[in-house]
There are 2 protein chains.
Amino acid sequence: MRVTIREVAKRAGVSAATVSRVLNKPNLVEKETRRRVQAAMKELDFKPNAIARGLSSRQTDTLGLIVPAGITDFFFNELYQGIREASQSHNMRVLVFDSENSPERAMEGFYFLGQHQVDGIIFTSKMITEDFDPVIQRLGLPVVLVLAPNGAKTPIPSFDIDNVRAGFDVVSYLVSRGHRRIGMIAGKVPDTPWQQRLQGYESGLKHFGLPFDSQAVQTGEFSFDDGYRAMQRLLEKQADLQLTAVFSASDEMALGAMRCLYDNGLRVPDDMSIVGFDDVKVARMVVPRLTTVAQPFSEIGAQSVHWLMGALGRVITPTETGTYFLPHRFVERESVRTLV
Amino acid sequence: MRVTIREVAKRAGVSAATVSRVLNKPNLVEKETRRRVQAAMKELDFKPNAIARGLSSRQTDTLGLIVPAGITDFFFNELYQGIREASQSHNMRVLVFDSENSPERAMEGFYFLGQHQVDGIIFTSKMITEDFDPVIQRLGLPVVLVLAPNGAKTPIPSFDIDNVRAGFDVVSYLVSRGHRRIGMIAGKVPDTPWQQRLQGYESGLKHFGLPFDSQAVQTGEFSFDDGYRAMQRLLEKQADLQLTAVFSASDEMALGAMRCLYDNGLRVPDDMSIVGFDDVKVARMVVPRLTTVAQPFSEIGAQSVHWLMGALGRVITPTETGTYFLPHRFVERESVRTLV
DNA sequence: TTGTATGCGTTATCAT
DNA sequence: ATGATAACGCATACAA
């Protein structure tokens with residue numbers, strides 16, 4: 001059917017092993033022989049079978065990526081791009097598995113990727129719990145966490161930003177612009193980045209001597225609609241709250257909040273300032289452009305892939321576990337008003 | 001290392017072949033034997049090696065997907081999701097290849113996916129030319145085109161919407177809302193969906209007895225910034241043009257156009273009506289919500305995958321080549337004003 | 001430097 | 001219904 005290594009060998013008058021060598025360790029074969037083999041490959045339009053190669057060498061040059069719910073999701077999108085590029089620069093493929101926001105599916109993901117003999121796994125989802133320990137152990141593959149804290153006992157490196165710090169920074173910025181009544185749209189689930197940002201928000205208030213009002217914090221899951229509803233609730237208490245700014249734990253929720261304000265006849269930033277989080281692609285496309293915190297997606301992608309390559313011994317790197325904090329960046333645009 | 005079919009066989013007191021059978025053709029093996037084997041598999045936590053399986057059976061249950069430039073791109077995103085879901089429902093994996101907008105890379109894509117022994121290929125990019133013929137022929141794999149016309153000579157089915165018709169529909173809608181001076185932001189490259197939409201726009205004008213003014217058509221590639229600039233050019237000629245509505249060949253460009261209007265102190269839809277194309281996720285998140293043409297992404301994904309499954313003989317379907325037109329849908333939102 | 005032989009984990013063919 | 005045995009296409013230890 002398709003041309004194999006053997007036919008190339010015959011054509012070049014050498015053994016299959018030699019052909020394999022010019023493919024993998026070209027310098028082990030004499031110049032002239034190599035040339036002949038390469039010529040034969042070209043003539044026959046030979047393309048090595050990646051599957052056979054994977055079976056034989058037990059390495060597929062493929063990284064598995066477990067995402068929580070569709071790389072279509074606003075933000076995993078950007079992250080995926082970062083990981084893809086980093087992988088490509090290391091000559092690696094990436095195989096995506098969508099856990100559909102279910103821990104069980106996420107677990108299946110490990111099995112699935114294991115079956116497909118990926119060389120390493122990047123897990124990026126809201127949470128990884130102790131339940132995953134046995135699965136990961138048995139797999140025996142290097143795993144890194146991305147944008148998620150390690151809730152398992154297995155020591156796994158984690159690449160993330162300092163969410164607490166980021167939350168603090170947002171408050172700090174807002175205060176520097178004269179805001180003193182600041183609300184927040186956070187996430188429900190404990191132990192998530194959203195909660196950490198909330199934590200940073202609280203410590204920010206404290207640091208600047210501002211009162212914390214639990215009414216001023218509304219939660220949502222992540223979506224546009226959640227953001228809308230959270231803002232709606234904030235608005236209902238606005239008589240007491242007197243908010244001048246709201247910090248949303250995600251850009252998508254921020255967009256929902258902005259829409260809600262619009263529907264209530266309020267203008268951003270004139271009547272209410274908004275700060276988002278993520279710096280997704282559309283953040284700069286909306287009116288007003290969204291002031292937000294940029295996550296270093298490509299940097300995170302690069303680092304996590306690089307760590308994996310280190311663990312696989314394909315690159316020299318210290319492969320320590322623990323959390324690697326990468327710097328976030330505050331992006332000032334148009335959605336925050338400076339108060340007198 | 002990892003547990004293989006042989007160890008399961010030993011444990012169950014049968015041959016490896018039998019284990020393979022309960023995996024693939026369970027009804028060919030006696031109930032009791034099957035039970036024993038399954039028990040053994042469970043006890044040993046056996047997971048079949050997909051790579052070995054692929055090598056032996058010459059089918060990987062994987063579909064290759066060639067995208068033009070990052071599924072991060074606004075719109076391929078939605079399409080990818082459609083294809084992913086359809087694939088999943090057929091128990092297929094999908095391997096993505098990013099051609100980075102280069103025909104050469106796209107060609108490499110076929111080789112790459114071939115090397116990885118995918119069972120079929122979905123090509124979705126701006127263009128497929130005659131240059132691809134030999135490559136596709138040699139691969140010997142079923143290929144379908146998605147959202148792209150077939151410019152090659154090899155008969156390949158294509159799943160698309162009727163872009164000409166869609167362009168016509170937009171004009172028709174605008175006219176029904178009282179607009180008579182309608183501009184367009186189209187695509188540069190000939191033989192693309194963008195050009196077809198332009199064609200529909202022209203025939204729409206003609207049909208309703210409206211004059212066509214080449215000044216009223218500005219081109220861009222696809223991006224937000226392109227849309228912005230195109231609108232800028234339109235505005236410069238607005239004294240002559242007197243446009244009341246602009247049809248953009250993509251939502252992303254429409255967003256750029258809206259921003260441009262905003263920067264020029266114009267309001268949508270009060271001062272200018274805008275219609276986009278694609279119905280990307282953010283179309284309903286911006287202010288005003290974007291009126292647009294929805295492409296049936298999941299339907300397209302489903303159909304193209306289903307065709308492939310037919311070609312692979314895994315499902316009974318007539319596998320004819322030619323273009324399959326799927327219905328687009330006009331989505332009326334807030335960006336078009338009704339004129340008196 | 002090159003060739004021979006064997007293995008990777010599974011499926012498929014042919015017996016029994 | 002089940003078992004031996006030979007592929008699948010390539011990589012690699014070992015020998016030469």
Side-chain angles (χ1 to χ4, degrees), chain A residues 1-38 40-41 44-62 111-119 139-140 314, chain B residues 1-38 40-41 44-62 111 114-119 139-140 314:
Chain A
M1 192 101 140
R2 295 191 42 175
V3 25
T4 79
I5 213 178
R6 263 181 266 277
E7 320 188 34
V8 175
K10 181 175 297 178
R11 174 96 171 201
V14 298
S15 76
T18 299
V19 178
S20 176
R21 278 189 205 101
V22 344
L23 241 30
N24 304 299
K25 325 200 152 118
N27 39 337
L28 286 192
V29 39
E30 200 193 8
K31 205 160 194 168
E32 167 56 15
T33 319
R34 195 195 315 163
R35 212 197 43 66
R36 278 208 335 272
V37 172
Q38 281 162 340
M41 297 204 283
L44 297 175
D45 192 40
F46 166 76
K47 307 285 174 194
N49 179 328
I51 297 297
R53 201 188 264 239
L55 180 60
S56 182
S57 68
R58 267 173 291 307
Q59 86 177 41
T60 52
D61 293 353
T62 301
Y111 286 125
F112 172 82
L113 296 172
Q115 287 191 242
H116 283 266
Q117 315 302 116
V118 298
D119 298 335
L139 263 189
R314 306 196 193 171
Chain B
M1 191 105 142
R2 294 193 42 178
V3 25
T4 78
I5 214 176
R6 264 181 264 278
E7 320 188 34
V8 175
K10 182 175 295 176
R11 175 96 170 199
V14 298
S15 76
T18 299
V19 177
S20 176
R21 278 189 204 101
V22 344
L23 241 31
N24 304 299
K25 322 195 154 126
N27 40 337
L28 285 191
V29 39
E30 200 193 8
K31 205 160 194 170
E32 167 56 17
T33 319
R34 194 194 316 162
R35 212 197 44 67
R36 277 205 339 268
V37 172
Q38 280 162 341
M41 297 203 284
L44 297 176
D45 192 40
F46 167 76
K47 307 284 175 195
N49 180 326
I51 297 298
R53 202 187 263 236
L55 179 59
S56 183
S57 67
R58 267 175 290 304
Q59 86 177 41
T60 52
D61 293 354
T62 301
Y111 286 125
Q115 286 191 244
H116 283 266
Q117 315 301 117
V118 300
D119 298 336
L139 264 188
R314 305 198 193 169

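Residue numbering restarts at 1 for every chain, and letters A, B, ... go by the order of the sequence lines.
To the nearest angstrom, P of C:dT11 lies 12 Å from CZ of B:Arg58. Atom CG in A:Asp61 sits about 14 Å away from atom C1' in D:dC10, given to the nearest Å. Computed from coordinates, the B:His116 NE2 to D:dG9 C1' distance equals 14 Å when rounded to whole Å. As a whole-Å value, the separation of A:Arg53 CZ from D:dG9 C1' is 11 Å. Straight-line distance from the NZ atom of A:Lys25 to the C1' atom of D:dA13: 10 Å, rounded to whole Å. For the pair A:Glu7 CD and D:dG9 P, the interatomic distance rounds to 9 Å; values are reported in whole Å. Atom CG in B:Leu28 sits roughly 11 Å away from atom P in C:dA12 (whole-Å rounding). Rounded to an integer number of Å, the gap from CZ of A:Arg6 to P of C:dT2 is 19 Å.
Residue side chain B:Arg21 reaches the base of D:dG3 through a donor-acceptor N/O pair under 3.5 Å, judged by distance alone. Remark: the B:Ser57 side chain and the C:dT11 base include no donor-acceptor N/O pair separated by less than 3.5 Å.
With distances taken from any side-chain atom of A:Thr18 to the nucleotides C:dG3, D:dG3, D:dA1, the minimum falls on C:dG3. When distances run from any side-chain atom of B:Ala17 to the nucleotides C:dG9, C:dA12, D:dC10, the shortest one goes to C:dA12.
Note on A:Val14: only backbone sugar-phosphate atoms sit closer than 4.0 angstrom, heavy atoms only; bases stay farther off. Contacts of A:Thr4 with the nucleic acid, taken as non-hydrogen atoms under 4.0 Å apart, involve only primed sugar atoms and P, OP1 or OP2. If you check every strand for non-hydrogen atoms under 4.0 Å, A:Lys31 touches nothing.
When all heavy atoms of A:Ile5 and A:Phe46 are compared, the pair lying nearest together is N-CE1, 3.6 Å. Closest approach of A:Gly114 to B:Arg2, counting heavy atoms only: O-NH1, 3.0 Å.
With a 4.5 Å cut-off on side-chain heavy atoms, B:Val8 and B:Val3 count as touching.
Toward the 5' end of DNA chain D, the nearer of the two residues A:Ala52 and B:Val29, judged by each one's closest nucleotide, is B:Val29.
Phosphate proximity of D:dC10 to A:Asn49: absent, as no side-chain N or O sits under 4.0 Å from OP1 or OP2. Here A:Ser56 does not reach the OP1 or OP2 of D:dA11: none of its side-chain N or O atoms lies under 4.0 Å away. Dashed line: the shortest gap from a side-chain N or O of B:Ser20 to OP1 or OP2 of C:dT11 is under 4.0 Å.
With salt bridges taken as basic N to acidic carboxylate O contacts below 4.0 Å, one links A:Arg314 and A:Asp119. Using a cut-off of 4.0 Å between Lys/Arg side-chain N and Asp/Glu carboxylate O, A:Lys10 and A:Glu7 are scored as not salt-bridged.
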